[in-house]
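On a predicted model such as this, the values are computed, not experimentally measured, just so you know. Per chain, numbering begins at 1; letters A, B, ... match sequence-line order. As a basis for the values below, the full set of heavy atoms in this structure was taken, side chains included, without hydrogen atoms, waters or symmetry mates.
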Amino acid sequence: MQNIAPLNWRRFPERYLLKGNYCENCKQAFFPPRAICPNCRRKGKLVSMEMPRTGKIISYTKVYVPPEGFKNEAPYYLAIIELENGARVLSQIVDSEPEKIKIGAKVKKVFRRIGEPDKYGTITYGYKFKVVE
Amino acid sequence: MKLPLKKYLKRLGKVLRMNAGIIGYGVYIPRLRIKVSEIERVWQRNASGLAVSEKAVAASDEDSCTMAVEAARRGIEDFSINPKRINAIYIGSESHPYAVNPTASIVGDALGTTNKYFAVDMEFACKAGTAGLQVCYALKKARMIDVGLAIGTDTAQSKPNDALEFTAASGAAAFFIGDSKNEIIAEIEHTCSFTSDMPDFWRRPRAEFPEHTGRFTGEAYFKHIINAAKLLMEETGYNASDFDYAVFHQPNGKFPLKAAKILGIPSEKVKQGLLTPHIGNTYSASTLIGLASVLDVARPGQKVLAVSYGSGAGSDAFVLNITENIKNRRASRAVLEMIKEKEYIDYALYVRHRHKIKSL
């Protein structure tokens with residue numbers, strides 16, 4: 001069993017609460033959080049920030065050939081989502097009628113299981129999105 | 001600092017009079033449904049006696065923890081509760097994702113609470129959620145917390161072709177307990193429990209599905225539900241006609257109506273909180289989802305009786321008084337509206353989503 005728990009734990013704020021950061025100098029939000037502001041470099045002033053839970057689909061695809069660990073979930077939808085503050089996130093789309101998954105559709109964050117290495121390891125939880133009316 | 005006696009007594013009186021209650025709630029019912037007729041088709045059995053038409057099924061990437069987070073998140077949003085105020089999280093379930101490793105701490109982090117909170121996972125078959133409610137109520141009365149969060153959540157397990165498979169469903173309900181006069185929508189006036197060793201349903205360690213004793217579970221259900229309700233009425237001086245609504249644990253569509261009849265409560269007072277015919281038996285969430293549905297429509301001044309049941313066996317009974325605050329503090333979506341969002345699946349997809357295909 002691969003011990004992925006410590007690695008996962010360091011990313012809980014990002015995966016559970018969509019915690020990214022925000023540069024008070026250039027007023028841009030980043031997700032996942034950046035170590036330095038790519039716009040302002042050393043002049044940037046980054047602060048931790050929870051991202052909005054809603055956004056819209058910028059682009060999407062249906063995955064038939066998934067990476068290892070997601071075989072039994074395929075086919076599933078994967079989308080680039082622009083959150084309300086402009087930050088972008090790549091996420092699975094769940095609980096949505098296929099005809100409603102389209103560019104521009106409004107989506108909301110939900111908390112789901114992402115995966116587990118095997119039946120003995122820790123379960124990875126995190127965000128996915130669903131289309132809302 | 002020493003207080004003068006008069007001031008001390010005044011403060012003590014305030015503490016004794018102060019009552020805790022529900023300041024918000026949230027319900028999560030997964031989108032997938034399987035019709036009981038589909039399960040009947042597969043096993044060539046008739047389950048019409050259960051009075052359940054379909055049941056809610058958690059998707060393969062959902063479990064008791066994810067549903068608990070979703071239910072609590074809805075409560076936080078609908079009732080404007082700052083998660084930083086939560087000082088206690090008690091989660092009742094018989095399908096916690098881990099045997100060892102708490103669901104409560106995952107839920108706390110996923111909601112964005114501080115780290116200063118009491119937390120434990122609870123199990124008492126289908127009544128662990130209401131047991132959590134009692135603990136939060138007691139902690140609030142003891143002034144040890146600001147807001148307590150009690151959740152009942154289950155992805156109920158059932159062996160294929162067992163009688164349980166026709167009803168065992170998935171869902172979660174979260175209740176926030178506080179005592180702010182501006183926030184309480186339902187004051188908890190009194191609670192009590194009736195408990196005895198009556199093994200009508202159980203699951204041994206490492207067993208995947210629970211076992212049960214068939215009709216004997218009915219005997220245990222009525223014994224505990226009726227006695228808990230009677231004990232509550234004895235302790236409070238109320239009788240059946242004092243209640244505007246009654247919610248009972250609902251393993252099927254018939255038992256709660258029969259319990260009401262025995263207690264002398266008309267079935268019209270039970271129907272608002274009777275969800276099992278539409279979503280199945282959500283185990284630890286069952287009574288709480290029923291209670292949430294009652295709170296969706298209850299008016300100030302009304303009195304609600306809620307009695308849960310957990311095999312093994314015990315019942316928790318509550319008297320709730322609806323306050324004026326409920327006029328301004330309502331869930332954005334009523335439970336009866338929420339259950340309309342659904343997608344039917346057949347038995348093959350059901351076993352896939354519920355991880356019942358063991359050769360995988």
If I measure from the heavy atoms of chain B, does [X] come under 4.5 Å with its side chain, its backbone, both, or neither?
X: A/R15; result: neither
X: A/K71; result: neither
X: A/K19; result: neither
X: A/S96; result: backbone
X: A/E97; result: both
X: A/I123; result: both

- prompt: Any side-chain heavy atom of A/F111 within less than 4.5 Å of one from B/R73?
  reply: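 No, too far: nothing below the 4.5 Å cut-off.
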message: I'd like to know if B/E62 pairs up with A/R112 as an ion pair, taking the criterion as any Lys NZ or Arg NE/NH1/NH2 lying under 4.0 Å from an Asp or Glu carboxylate oxygen.
response: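 Yes, this pair counts.
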query: Tell me, side chain or backbone of B/A110 under 4.5 Å from chain A's heavy atoms, or both, or neither?
result: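 Both the backbone and the side chain of B/A110 come within 4.5 Å of chain A.
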Using only non-hydrogen atoms and a strict under-4.5 angstrom cutoff, which residues of [range] touch chain A?
range: residues 146-156 of chain B; answer: none
range: residues 339-359 of chain B; answer: B/E341, B/R352
range: residues 79-105 of chain B; answer: B/P97, B/Y98
range: residues 28-39 of chain B; answer: B/Y28, B/R31

query: What pair of heavy atoms forms the shortest contact from B/D61 to A/V94, and how long is it?
result: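 Looking at all heavy atoms of both residues, the closest pair is OD2-CG1, 3.7 Å.
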- prompt: With a cut-off of 6.0 Å (strictly less than), are more than 12 heavy atoms of other residues, nucleotides or ligands near CH2 of B/W202?
  reply: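 More than 12 within 6.0 Å, yes.
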- request: Heavy-atom pairs under 4.5 Å with chain B are the metric here; pick the option from A/R53, A/E50, A/Q92, A/K128 that has the most.
  value: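 Highest number of heavy-atom pairs under 4.5 Å: A/R53.
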message: What verdict does the salt bridge (Lys or Arg N to Asp or Glu O under 4.0 Å) test give for B/E70 and A/K109, after you've listed the backbone C-alpha separation in whole Å, the side-chain angles of each residue and the deciding distance to 0.1 Å?
response: CA-CA 10 Å; B/E70 288 298 313; A/K109 187 193 112 174; over 6 Å; no
task: Return yes if a side-chain donor-acceptor contact under 3.5 Å exists between A/Y125 and B/D63, otherwise no.
output: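 Result is yes, a qualifying pair exists.
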- request: Using the side-chain contact (heavy atoms from CB on, under 4.5 Å) rule, take B/I106 and A/Y16 through it: C-alpha gap first, then chi angles, then the decisive distance, then the call.
  value: CA-CA 9 Å; B/I106 304 172; A/Y16 287 10; 3.8 Å; yes
